[in-house]
Amino acid sequence: TLPLVDGISDLQQKEHDLMQVGVTQGRKPSHLRQLTLDKLLEPLTRVSLPPRVSLTVGVAGIGKTTWVRHFVRLWSQGAICPDISFVLPFTFCELNSLEKLSVERLVKMAFPNLMDARLVLNSSCRTLLIFDGLDEFHGTLNFSDVAPCCDPRKEVPIDELITNIIRGNLLPDVAVWVTSRPGVASLIPGGLVDRVTEIPGLSSNDIQLFLKHHFSEREVEKKIWAHLESNKMLMVMCSIPCICWIIAETLTYIIQSGTHESLPKTCTELYAHFCSMKAEIGEPRGREPPKMEHGSNRKLLGNLGRLAFYGLLKHKYTFSEQDLKAYGIDLLLTQCSLCAGVLLREESLIHTTYRFAHLTLQEFLAATFYYASSKRAIFDLFSENTMSWPKIGFQNHFKCAFHHSQQAEDGHLDVFVRFLTGLLSPLTLKALSGLLVFGKDDGNHKSWASGFLQGLLDGGGAIVSLRAVNLAYCLQELQHTELLRSVEDDLRLGSLAGKLTRAHCVVLGYLLHVSSECSEETNLSGCLNYTTVKCLLPQLFYCSTLRLENNNFRDDVMELLGSLLSAKDCHIQKISLAENAITNKGAKALSRALLVNRTLTSLNLRNNNIGSKGAKFLAEALKMNQALVLLNLQSNGIEEAGAQALAEVLQCNRKLVILNIQKNAVGAAGAKRIADALKTNRTLTELMICSNQLGDKGTVALAEALAVNHTLLSLELQSNSISNRGMAALTKALSLNRGLISLNLRENSIGEEGARNMAKALQKNSSLRDLDLTANLLHDDGVQAIAAAVKTNQGLRSLHLQWNFIKSSAARALAHSLLFNATMELLDLQENAIGNEGVTFLANALKGNTSLRTLCLQGVSAGTSGAIALAEALAVNQTLQTLDLRGNSVGMGGAKALANALKTNRSLKSLNLQENSLGMDGAIFIATAFKENHQLTYINLQGNGIGESGAKVISDTIRGNTPGCMVDI
């Protein structure tokens, strides 16, 4: 499929292809509509018209021509677009050889045997005209001053012909499909283009499939994949199919050569090995290799480099036979292994052209030419045919290259200078030893270059541009990575605060592209201020998940972030601004951005101070926004007025799925507003409204909504002063509700009556999975009623009853229910004095229960006898995975029993015995069990009077027997 895009972004207009891929990591925003090839020329809706001019963009090597050929093949087979009678495919390479042309001649070029061109010219049949590779066109498309031409028989200059066709002066009823690299495509005025699509890069799964398909040896494929996974920059480059082929072929050659060389870590080193490989491998079977004199490969590489360099300066990427001869390349030598490997020959009916296998290969060869020539050149190499001021010495030429690179607005020299810098690495020169002339003091050149680059990092403007970030890429190619590693370590450890000089900001911008630390989430919490955000702003566009918590941001920073989120290039999907100092003014700036943003799905503003006014600003934006699915406004003082504004959102917004308004003092009235909206809302699935002083009145309102709303899946009502009255309304609603899965009623005032009502609801409700009644007033009678319901309920998966004044009789009732219940997976009875008797009841139940996975018995006054009972159960039970016995008194005797059980138990994964008076002997018993038990992945023995030296012995013993087990001691 082809993603349908809004147009050419600023990044695509102004930056090098490889930089585009680097900063976006080969990904496209997820919100884009996808078009299959058969829908490419179809109307988007029933009432719209098919596009006349379609533009498909993609970076060099992404497969634009492949897509075109695939389309033509499918069309010719009748598989797609059956209403199109004629397809006229042209490449701009072909058209470069023509000076003047008429539309009539253009048609006859495509169909020489067509008797009557009027079939196309008079629009008798639907026709598609394809122009492939606009970036390779040597002419100038001037849409503002071109002379109009409407006569299909009139011959006009080729650039005027194409301009008039795109404008619609010629062939107005013919569909036109243009493909191009993005930067050149922006030359076509947006008003003339009806549809823009973009060819996506390969995903990591695509790359893996490519390797499996092209390499029969599984060991080679695994080594290549492992190397790519460890080098994110190479992995991202592999999203371009052509580069993926270059990288994979080169790595395969190195692996199979048996030289035991380490695999290349930089692009320059890899391309050096590629050229070396092409120079060394034999000719394909059946081809007679041309006779090569000694050193001819070196001379050929020099001539290819000169062709590549001066072509690059002229933005010229296709070459004629005359061009090759002008740069000393014998046409016979184009068949030799080196030349055939890097220079591709393309023939058509009217012209033969040559191009480098990929743009990056042209840039690499250009760099080799500049590197070798700068050792002896006395004039500016950037002036091919004109005199210039003398430039003597490699360092002057090196500086000159970077000066030109930094001045180039389109970044077309960025990768060239990366390769030029990489050629100073000894590892790269070693790979090119037979192809490149060495100079003296290359080690000194590397040291000088690293200092020069770091000097450039410190200079420059207040904003970190991609030109500046390219300097960090150069340091990586040079393999001078001290600064890069230092900033990456600080980023990983969260210790960047106070260290962000301009050089650090540039490196941080680079790491946002290539570091594994930033691939899933970019965490810049606690280290930024207004100045550093402004400095880094252009580099934050392309982060997918951005954490900017605890930075003391004020409203001025929100103005910056608002501009960031409003930009067309913005790729941010999740942003967290929790724990800052944002007021309603900052919320207003963010709300303006939400009106136009189409990528942001999650906004976290927890613990700020936006107030009711800020909530209203955001609410107005969310009435229009159709992207945001999660909004967290916890602890923002939005009060009743803010809740009312959000309720209005819930009545019209069809995207918001999760809403967190905990600790906002919305009160009963605010809850009623939200509840009324929930009666009609069918998209919200999670509502967190804890600590909001709802009381029974607000709870009753929400209960009324639950009776009719069956799409809400999770409701959190913790700490809202809910008593039996509110519970009666909730349980009545639960008897009718068929959607709610999770209900949190922690820290309320629900008593025995409320528990009995919940029991009645559980006998009817089969959808509720998680029920949390922690820290209420249930007592034994209330829990016994719930236990009776659990006996028959087949929906509940987890039940939390901590801090409910439960004793052994309630534990007995729960244990009895577990013998019949086959769905309960978690039971939490922490901080209830059920004692040894209650633990024994539960242990006996475990002998027959096969569903419980987690049992939490922290602080339940269990002693040795309770632990022994549990040990007997563990010897039989093969389903329990987590057992928490913190804060009890199982002692050495209990530890010994548990240790014996662990020798045979094969299900338990986590055991917490923290603060249980085990002593050294008890801990040793537990440790020796690991000689036979290798399933446990976590054990906690802290607070058991073991001592520091004893803790080390125990820990080493456990890890020695079970290396995968985490030990807290």
Side-chain angles (χ1 to χ4, degrees), residues 31 533 545-549 551 553-567 570 572-667 669-671 673-678 681 683-692:
H31 72 279
V533 170
T545 299
L546 193 54
R547 285 181 58 189
L548 302 173
E549 301 164 8
N551 277 304
F553 285 162
R554 300 188 182 278
D555 298 329
D556 54 354
V557 179
M558 295 308 102
E559 293 288 345
L560 292 177
L561 293 178
S563 68
L564 176 73
L565 293 171
S566 301
C570 182
I572 299 172
Q573 297 176 24
K574 299 178 182 179
I575 188 167
S576 178
L577 294 163
E579 310 282 349
N580 282 293
I582 305 166
T583 70
N584 63 80
K585 291 181 180 178
K588 185 176 183 180
L590 292 174
S591 69
R592 287 197 298 267
L594 288 176
L595 287 171
V596 296
N597 180 280
R598 294 194 296 168
T599 61
L600 194 69
T601 60
S602 174
L603 175 60
N604 183 354
L605 290 170
R606 173 176 51 85
N607 279 19
N608 281 283
N609 190 30
I610 69 169
S612 59
K613 199 171 180 181
K616 288 178 182 178
F617 287 136
L618 291 171
E620 287 301 313
L622 288 177
K623 291 176 183 177
M624 303 288 292
N625 180 284
Q626 292 300 310
L628 201 72
V629 297
L630 184 153
L631 177 62
N632 187 343
L633 296 179
Q634 178 179 335
S635 301
N636 266 285
I638 69 171
E639 301 178 333
E640 179 189 341
Q644 179 178 346
L646 292 171
E648 292 173 5
V649 171
L650 293 177
Q651 289 175 333
C652 62
N653 183 288
R654 294 295 176 263
K655 283 291 184 179
L656 196 66
V657 173
I658 301 171
L659 178 61
N660 184 345
I661 52 171
Q662 298 181 60
K663 299 181 180 179
N664 271 295
V666 303
R673 300 280 191 181
I674 296 288
D676 289 342
L678 287 177
N681 180 283
T683 53
L684 197 73
T685 61
E686 294 182 36
L687 175 62
M688 286 149 272
I689 195 169
C690 308
S691 304
N692 267 298

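A side-chain donor-acceptor contact under 3.5 Å links Glu549 and Ser576. Asn609 and Thr583 share no side-chain donor-acceptor pair at under 3.5 Å.
Going from atom OG of Ser691 over to atom CG of Asn664 covers 10.0 Å, rounded to the nearest 0.5 Å. Rounded to the nearest 0.5 Å, atoms CG (Leu631) and CD1 (Ile658) are 10.5 Å apart. With rounding to the nearest 0.5 angstrom, the CG atom of Asp676 is 8.0 Å from the CD atom of Gln651. Taken to the nearest 0.5 Å, the OG1 atom of Thr601 stands 11.5 Å off from the CD1 atom of Ile575. In this structure, Ile661 CD1 and Ile689 CD1 are separated by 4.0 Å, a value rounded to the nearest 0.5 Å. For the atom pair CZ (Phe553) and CG (Leu561), the distance works out to 6.5 Å, reported to the nearest 0.5 Å.
Between Ala677 and Ala647, the closest heavy-atom pair is CB-O, 3.3 Å. Across Ala645 and Ala619, no two heavy atoms sit closer than the pair O-CB, 3.6 Å. Taking each heavy atom of Ser612 and Ala641 in turn, the nearest pair found is CB-CB, 3.9 Å. Closest non-hydrogen pair, Ser591 versus Phe617, comes out as CB-O, 3.3 Å. In this structure, Lys663 and Asn692 approach most closely via the heavy-atom pair N-ND2, 3.6 Å.
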Could you walk me through whether Asn604 and Leu577 pass the side-chain contact (heavy atoms from CB on, under 4.5 Å) check?
CA-CA 6 Å; Asn604 183 354; Leu577 294 163; over 6 Å; no
Go through the steps for Cys570 and Asn597 under the test side-chain contact (heavy atoms from CB on, under 4.5 Å), then give the verdict.
CA-CA 8 Å; Cys570 182; Asn597 180 280; 4.0 Å; yes
Report the C-alpha separation of Leu595 and Glu620 in whole Å, then their side-chain angles, then the decisive distance to 0.1 Å, and conclude whether the side-chain contact (heavy atoms from CB on, under 4.5 Å) test is met.
CA-CA 9 Å; Leu595 287 171; Glu620 287 301 313; over 6 Å; no
Derivation of the salt bridge (charged side-chain N to carboxylate O under 4.0 Å, His left out) call for Glu559 and Lys588:
CA-CA 9 Å; Glu559 293 288 345; Lys588 185 176 183 180; over 6 Å; no
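Judged by distance alone, with hydrogens and angles left aside, the side-chain atoms of Asp555 form no donor-acceptor pair with the main-chain N or O of Ile582 at under 3.5 Å. Side-chain N or O atoms of Asn660 include none that pairs as donor or acceptor with a backbone N or O of Gln634 at under 3.5 Å. Asn580 places a side-chain N or O within donor-acceptor distance of the main-chain N or O of Asn551, the cut-off being under 3.5 Å.
Looking only at side-chain heavy atoms (C-beta outward), Leu656 and Leu630 stay at 4.5 Å or farther from each other. Side-chain contact between Asn632 and Leu603 is absent, with no heavy atoms from C-beta onward closer than 4.5 Å. A heavy-atom distance below 4.5 Å is found between the side chains of Leu594 and Leu600. In this structure, the side chains of Leu605 and Leu590 come closer than 4.5 Å at one or more pairs of heavy atoms. Annotation: side chain of Glu579 is in contact with side chain of Arg606 (closest heavy-atom distance under 4.5 Å).
Partners of Arg673 according to the salt bridge (Lys or Arg N to Asp or Glu O under 4.0 Å) rule, which considers only residues two or more places apart in sequence or in another chain, do not exist here. By the side chain to side chain contact (heavy atoms under 4.5 Å, CB included) test, Val596 pairs with Ser566, sequence neighbours left out.
For the side chain to side chain contact (heavy atoms under 4.5 Å, CB included) criterion with Leu646, the lone passing option out of Val666, Asn653, Leu618, Leu633 is Leu633.
For residues 638-650, the set of pairs meeting the side chain to side chain donor-acceptor pair (under 3.5 Å) definition, not counting sequence neighbours, comprises Lys623-Glu648.
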